[in-house]
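These notes concern the structure reproduced below.
All values derive from a computational prediction rather than experimental measurement.
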Amino acid sequence: MRGHAITWALSVLSACIVGGAWIYAHPTPSFVAVDVNALVKAETGLLAQAVKPDATKEQQEAAIRRASEFGKKLDDAIAQLAAECGCVVVNAAAIVAQPASTPVRDATQRVKALISQR
């Protein structure tokens with residue numbers, strides 16, 4: 001009977017060690033949300049102000065170049081954010097529901113700062 005108790009205790013201990021190692025090796029990914037729509041809308045507003053009917057060809061070309069550069073800057077900023085936090089970056093528009101106890105952190109301002117640094 002004593003042998004069975006020892007075997008049972010060692011089995012439970014082994015299961016706990018394996019379970020702990022599994023959790024350590026496979027952590028739950030963390031998420032941050034970025035309101036991409038708001039960032040694009042703000043840039044579109046600035047672009048609309050820059051492109052006016054009386055704008056010169058150079059001004060229009062500069063605005064088009066700025067628009068294409070913004071897309072690249074946005075992609076790079078989101079990639080840098082993911083590398084910084086080691087987390088999954090999702091568009092805030094993709095979040096349908098989240099628990100009030102553990103909301104997804106909003107990182108839109110960080111992406112905005114990273115874009116302005118470039």
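Taken together through direct or relayed side-chain contacts under 4.5 Å among Ile, Leu, Val, Met, Phe, Trp and Tyr, Val88 and Val36 form parts of separate hydrophobic clusters. Val32 and Val90 sit in two unconnected hydrophobic clusters of ILVMFWY residues. Membership requires side-chain heavy atoms under 4.5 Å apart, directly or through other members. Tracing side-chain contacts under 4.5 Å through hydrophobic residues (I, L, V, M, F, W, Y), one never reaches Phe31 starting from Val34; they form parts of separate clusters. Clustering ILVMFWY residues whenever any of their side-chain heavy atoms sit less than 4.5 angstrom apart, transitively, puts Val104 in a cluster other than the one holding Leu81.
The shortest distance between side-chain heavy atoms of Asn91 and Asn37 falls below 4.5 Å.
At least one donor-acceptor pair closer than 3.5 Å links the side chain of Thr108 to the backbone N or O of Asp35. A distance-only check finds a donor-acceptor pair linking the side chain of Gln59 to the backbone of Thr56 [under 3.5 Å].
Taken from CD in Glu58 to CD in Gln60, the straight-line distance is 9.5 Å, to the nearest 0.5 Å. Distance CZ/Arg105 to OG/Ser30: 7.5 Å, rounded to 0.5 Å. In this structure, NZ in Lys73 is found 11.0 Å from CD in Gln117, a value given to the nearest 0.5 Å. Taken from CG in Leu46 to CZ in Phe70, the straight-line distance is 9.0 Å, to the nearest 0.5 Å. Separating the CD atom in Gln80 from the CD1 atom in Ile115 is a distance of 11.0 Å, to the nearest 0.5 Å.
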Quick one, Ile95 with Gln98, criterion side-chain contact (heavy atoms from CB on, under 4.5 Å). Give me CA distance, side-chain angles, the key distance, then yes/no.
CA-CA 7 Å; Ile95 299 174; Gln98 59 182 323; 4.2 Å; yes
So Leu74 and Val40, side-chain contact (heavy atoms from CB on, under 4.5 Å) or not? Walk me through it.
CA-CA 9 Å; Leu74 180 61; Val40 171; 4.2 Å; yes
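Of all the heavy atoms in Asp106 and Ala33, the pair that sits closest is OD1-O, 3.1 Å.
In the hydrophobic clustering, where aliphatic and aromatic side chains (Ile, Leu, Val, Met, Phe, Trp, Tyr) are joined below 4.5 Å either directly or transitively, Ile17 groups with Leu13.
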